[in-house]
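Quick caveat: nothing in here was measured; it's all calculated off a predicted structure. One-based numbering along the sequence shown. As the structure lists them, so they are numbered: ligands from 1, and atoms in each ligand from 1.
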Amino acid sequence: MWRGWRDVLGRLGFETAALDAKLLAGHVMGMDSLVLATHEQRPVDEAEAMRLAELMQRRMTGESVARIIGEREFYGLAFGLNAATLEPRPDTELLVDLALSALPAGGRLLDLGTGTGCISISILANRSDASALATDINLEALIMARQNAERHGVAWRLDFARGDWFGAVPPGEAPFDLIVSNPPYIVSGVIETLATEVKQFDPKLALDGGPDGLAPYRIIAAEAPRFLRPGGQVLVEIGYDQGQSVAELFGHAGLADIVVHKDLGGLDRVVCAHHLQSQISRP
Ligand SMILES: C[S@@+](CC[C@H](N)C(=O)[O-])C[C@H]1O[C@@H](n2cnc3c(N)ncnc32)[C@H](O)[C@@H]1O
């Protein structure tokens with residue numbers, strides 16, 4: 001059944017037509033693509049055929065397979081999605097790798113703008129000694145993040161708070177060993193030029209970084225030193241052309257040992273900065 005839909009999507013120019021058709025057919029039939037491959041001859045009932053046709057219509061409007069299925073894999077874990085959450089991207093896995101190295105034993109981290117919770121949940125799933133506070137301005141995103149945390153067995157080590165960046169952090173919670181964030185960083189005027197999957201289906205709140213794409217980094221840079229333990233680090237994901245600007249913002253805020261890390265594609269992807277011990281005596 002999926003082959004017919006593959007051809008339809010292919011004729012419409014979908015580059016991932018075969019994969020999309022297999023994933024959506026498998027979803028409707030309750031099979032992953034491996035099982036589907038070994039059950040090619042399984043008869044499809046009318047209800048399944050109609051359901052698949054509905055899902056394919058959605059795909060043809062540009063909605064991603066992950067949004068249609070309602071979940072996306074990140075760091076080897078499945079994350080549920082809703083209309084308020086960005087789809088986790090593989091690019092963000094570098095931030096998790098770096099955070100796992102940076103977090104001290106028994107460390108506590110702050111995840112600003114958690115969305116699905118993919119960053120902090122992946123970290124906690126790989127570090128049974130760690131705990132975290134995850135924040136977002138969007139309540140629906142936090143509800144999804146909590147569900148994901150429960151699904152992956154880390155909810156008891158992950159607290160949630162709603163609010164505007166550091167304004168969400170309850171009194172007495174700081175300082176943290178590590179701050180991580182993948183904030184919205186697209187230049188406002190560029191959003192309309194993005195692929196339909198992104199501009200129409202990812203929430204604007206998760207994309208829009210203001211007129212120059214740097215607005216959240218200004219806040220994170222300015223506030224991070226107050227919320228970090230001496231020796232603590234802040235790690236942020238950035239757009240490919242924002243490395244220098246974000247490094248400068250962190251430098252001006254008094255953070256030190258600033259490093260811009262590249263992703264597997266050779267593009268600037270994460271900026272890391274330290275709050276040094278000596279900085280606590282700054283006026
Ligand atoms: C680019 S998404 C990242 C989501 C998730 N951390 C990830 O990496 O997939 C940015 C997130 O920041 C949240 N956000 C936007 N403005 C915010 C603000 N002023 N304060 C806190 N969170 C905010 C959005 O709701 C969204 O979940």
(message) Within the 3.5 Å criterion, strictly below it, is a donor on S181 or E237 matched to an acceptor on the partner's side chain?
(response) no

(request) Using a 4.0 Å heavy-atom threshold (strictly under), name the region of A141 that reaches ligand 1: side chain, backbone, both or neither. (result)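 Near ligand 1, A141 shows nothing, with every heavy atom at 4.0 Å or more.
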
(request) Quick one: look at I119 and ligand 1, take heavy-atom pairs under 4.0 Å, and tell me if it's side chain, backbone, both or neither. (result)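 The answer is the side chain.
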
(request) Please determine if R89 and D263 form a salt bridge, counting it only when a charged side-chain N lies under 4.0 Å from a carboxylate O. (result) no

(request) In plain terms, say whether E54 and R51 are close enough for a salt bridge, that is, a side-chain N and a carboxylate O under 4.0 Å apart. (result) yes

(message) Is the ring pair F74/F79 parallel, tilted or perpendicular, if the boundaries are 30 and 60 degrees?
(response) perpendicular

Return the residue, atom name and 0.1 Å-rounded distance of the protein heavy atom closest to [atom].
{"atom": "atom 20 (N) of ligand 1", "answer": "W165 N, 2.9 Å"}
{"atom": "atom 12 (O) of ligand 1", "answer": "G113 CA, 3.4 Å"}
{"atom": "atom 22 (N) of ligand 1", "answer": "I137 N, 3.3 Å"}
{"atom": "atom 27 (O) of ligand 1", "answer": "D136 OD2, 2.6 Å"}
{"atom": "atom 19 (N) of ligand 1", "answer": "D164 OD1, 2.7 Å"}
{"atom": "atom 9 (O) of ligand 1", "answer": "C118 SG, 3.4 Å"}
{"atom": "atom 5 (C) of ligand 1", "answer": "T114 O, 3.3 Å"}
{"atom": "atom 1 (C) of ligand 1", "answer": "A206 O, 2.9 Å"}

(request) Show which atoms of ligand 1 fall inside a sub-4.0 Å distance from at least one heavy-atom site of G163. (result)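 Answer, ordered by atom number: 20 (N), 21 (C).
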
(request) Could you point out which residue of R72, R67, E71 forms a side chain to side chain contact (heavy atoms under 4.5 Å, CB included) with I69? (result)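 Considering R72, R67, E71, a side chain to side chain contact (heavy atoms under 4.5 Å, CB included) with I69 is found only for E71.
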
(request) Can you figure out which of N138, L205, N182 has its heavy atom closest to atom 8 (O) of ligand 1? (result) N182

(message) Measuring only between side-chain heavy atoms, which start at C-beta, is H27 closer than 4.5 Å to L55?
(response) yes

(message) If you define the side chain from C-beta out and look only at heavy atoms, does anything of P170 sit under 4.5 Å from L133?
(response)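 P170 vs L133: side chains touch.
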
(message) Are any of the N/O atoms on T116, whether in the backbone or the side chain, positioned under 3.5 angstrom from an N/O atom of ligand 1?
(response) no

(request) Verify side chain to side chain donor-acceptor pair (under 3.5 Å) between Y75 and D97, making sure each step is shown before the conclusion. (result) CA-CA 9 Å; Y75 221 79; D97 287 338; 2.4 Å; yes

(request) Kindly compute the distance separating OG1 (T114) from CG (N182), expressed to the nearest 0.5 Å. (result) 10.0 Å

